[in-house]
Each structure stands twice: as C-alpha cells, then as structure tokens.
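We count residues from 1, following the sequence as given.
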Amino acid sequence: MPDDLNLSNLKPAQARKDRKRIGRGLGSGKGRYSGRGLKGQKSRSGSHKMRPGFEGGQNPLYMRLGKQRGPYSKDAMPMGPHRTSTQPVNVAALEERFEAGAEVTPETLVEKGLVRNTRVDVKLLGQGDLSKKLSITVHAASGSAREKVEAAGGSLTLLREPKERRPKRKPQGTAPPEAEAEAEETAEPEEAGAEAEDTEPEPEEGEES
C-alpha cells in the first residue's frame with residue numbers, strides 16, 4: 001500500500017473480476033447461442049421462471065411416488081426425505097457429564113454440549129453404564145436405556161408417546177381365537193345331540209319296533 005493515498009492510487013482490497021458478457025461475437029466464448037444451446041424450452045426467453053418440481057408437463061415425481069410399490073408404502077421404513085431424524089445420546093455420556101440427582105432435559109443437554117440444538121428430537125440409547133440417579137426428560141428412549149435408568153433409581157419421562165405399531169398380517173388359514181371359540185361352542189350342542197341319538201332305549205321283548 002502506498003504511503004500517500006489519493007484518487008490516482010485507490011483500488012479495492014480484492015480485485016474485481018468483470019462478468020463474462022454473452023452474445024458479443026464468436027471470439028468472446030459466449031457468442032452465437034449465448035450458452036443456451038440450440039432449440040428447446042430452456043433456450044427461450046422466460047424459460048428459467050419454471051416453478052420448482054416442474055418436469056416439462058409430465059407427471060412429476062411427487063405425484064408418482066404415491067402410486068409406486070416398495071419402500072414408500074405405509075408399512076415400510078421411511079427413507080430419504082420422509083425419514084424422521086433424532087439426536088442420539090447414550091447413558092455413558094450422562095454418566096460423564098451430569099452429577100447425581102441432576103435433571104436431564106434437551107435444554108441441559110445443549111448446555112453440556114451433548115446435542116446441537118432443541119429443534120431435533122433427542123433419543124436416549126443404552127450404550128455404556130449408568131450408576132447415577134437422574135431425572136431424564138427426552139423425546140424417546142430405547143428399551144435398554146430405560147432399564148439402566150430405572151436400575152440406577154432414576155426416572156424417565158418421554159415428551160412424545162411412542163406410536164402403537166399395527167400387528168402384522170396374519171397368515172392365511174389361521175382363524176382368530178374368537179372365531180375358534182365360536183366354532184367350539186357351536187360344535188358342542190351338535191356332539192351332545194349325536195350322543196343322545198346313540199343312547200336311545202332299545203325296545204323290550206314283545207314290543208313292536
């Protein structure tokens with residue numbers, strides 16, 4: 001930098017680079033078609049004002065997904081953008097960062113640096129050992145984590161109740177227990193009637209049959 005600054009030697013700290021001008025002759029590198037190629041929708045004016053997700057008029061992806069089989073069905077594990085995410089925290093980290101009798105919440109986990117923020121649900125996992133009595137409030141917890149917290153004398157409160165999973169489809173040919181009970185009840189009177197028919201008194205001698 002010169003010692004004497006004046007209008008003749010002023011310049012920005014970082015040199016500016018002029019943008020490449022299009023449509024200024026073949027020698028410029030962006031002449032003739034100006035980088036748009038030949039024909040087609042994207043070579044026309046106003047072609048870059050299409051809404052997100054527009055696929056040129058064909059059935060778009062977000063409408064095709066509901067009609068496909070596979071991992072996008074309702075009883076399958078969600079994948080990609082449809083998957084819900086959680087922040088995992090192990091009981092070993094609680095043993096290291098918290099004192100006995102402390103209250104563990106998503107806010108205190110942020111203060112201890114175990115999770116990044118409170119916008120994503122926190123799930124407690126059971127890796128490691130826990131010997132301290134803690135009062136824990138999180139969004140979800142695994143079965144092993146719950147056992148270790150209760151074994152240490154602590155309490156676990158869930159901010160989101162777990163969803164009840166629907167039972168899997170029963171294989172064909174197996175009747176439900178209610179139907180089996182009804183079948184047994186209807187079969188008992190028939191068997192009793194059959195036994196009564198078998199035990200009819202035989203006619204005595206001298207009586208006409």
Side-chain angles (χ1 to χ4, degrees), residues 16-26 28-91 93-94 104-127 136-147 149 156-180 182:
R16 294 181 300 174
K17 184 178 180 181
D18 294 337
R19 71 177 181 86
K20 191 151 193 172
R21 302 179 70 194
I22 60 174
R24 294 298 184 272
L26 299 178
S28 66
K30 290 290 182 181
R32 195 171 183 180
Y33 298 113
S34 304
R36 292 181 176 228
L38 295 177
K39 304 176 183 177
Q41 183 178 10
K42 292 185 178 179
S43 68
R44 318 298 191 206
S45 62
S47 62
H48 298 284
K49 295 181 180 180
M50 295 176 287
R51 57 176 174 76
F54 180 68
E55 298 184 19
Q58 73 177 12
N59 199 20
L61 180 66
Y62 69 89
M63 294 182 67
R64 296 198 302 268
L65 287 182
K67 302 177 179 65
Q68 291 180 345
R69 299 174 296 173
Y72 290 98
S73 60
K74 291 183 179 179
D75 56 348
M77 176 181 288
M79 61 180 296
H82 312 295
R83 177 174 291 171
T84 56
S85 59
T86 57
Q87 300 180 91
V89 176
N90 286 291
V91 294
L94 303 184
V104 181
T105 61
E107 289 75 15
T108 57
L109 290 173
V110 173
E111 293 176 2
K112 298 290 184 178
L114 294 176
V115 297
R116 184 172 297 177
N117 53 55
T118 59
R119 293 191 296 271
V120 182
D121 292 357
V122 178
K123 183 171 183 178
L124 184 65
L125 303 180
Q127 183 177 358
I136 304 173
T137 303
V138 290
H139 298 88
S142 65
S144 60
R146 179 181 290 276
E147 292 176 0
V149 171
L156 180 62
T157 304
L158 299 182
L159 296 175
R160 294 187 192 277
E161 291 299 327
K163 295 182 179 179
E164 296 182 1
R165 294 184 178 274
R166 295 182 299 174
K168 294 183 178 179
R169 296 176 182 176
K170 296 180 180 179
Q172 296 180 358
T174 58
E178 298 177 356
E180 292 179 358
E182 293 178 359

* **Test side chain to side chain contact (heavy atoms under 4.5 Å, CB included) applied to L124 and L156, step by step** => CA-CA 10 Å; L124 184 65; L156 180 62; 4.2 Å; yes
Between the main-chain N or O of [Y] and the side-chain N or O of [X], is there a donor-acceptor pair closer than 3.5 Å?
| X | Y | result |
| --- | --- | --- |
| D121 | H139 | no |
| Q87 | N117 | yes |
| R64 | N59 | yes |

* Asked: Going from CZ on R24 to OG on S34, what distance comes out if it is rounded to the nearest 0.5 angstrom?
  -> 8.5 Å
* Structure fact -> Rounded to the nearest 0.5 angstrom, the OG-CD1 distance for S28 and I22 is 9.5 Å
* Would you sort out whether M50 and Q41 count as a side chain to side chain contact (heavy atoms under 4.5 Å, CB included), showing the intermediate values? => CA-CA 10 Å; M50 295 176 287; Q41 183 178 10; 3.4 Å; yes
With [X] via side-chain hydrogen bond (donor to acceptor under 3.5 Å, both in side chains) - residues at least two apart:
| X | value |
| --- | --- |
| T108 | T105 |
| Q58 | E55 |
| E147 | none |

* Asked: Between L94 and L109, is any pair of side-chain heavy atoms under 4.5 Å apart?
  -> yes
* Structure fact -> Residues L114 and A93: closest non-hydrogen pair is CD2-CB, 3.9 Å
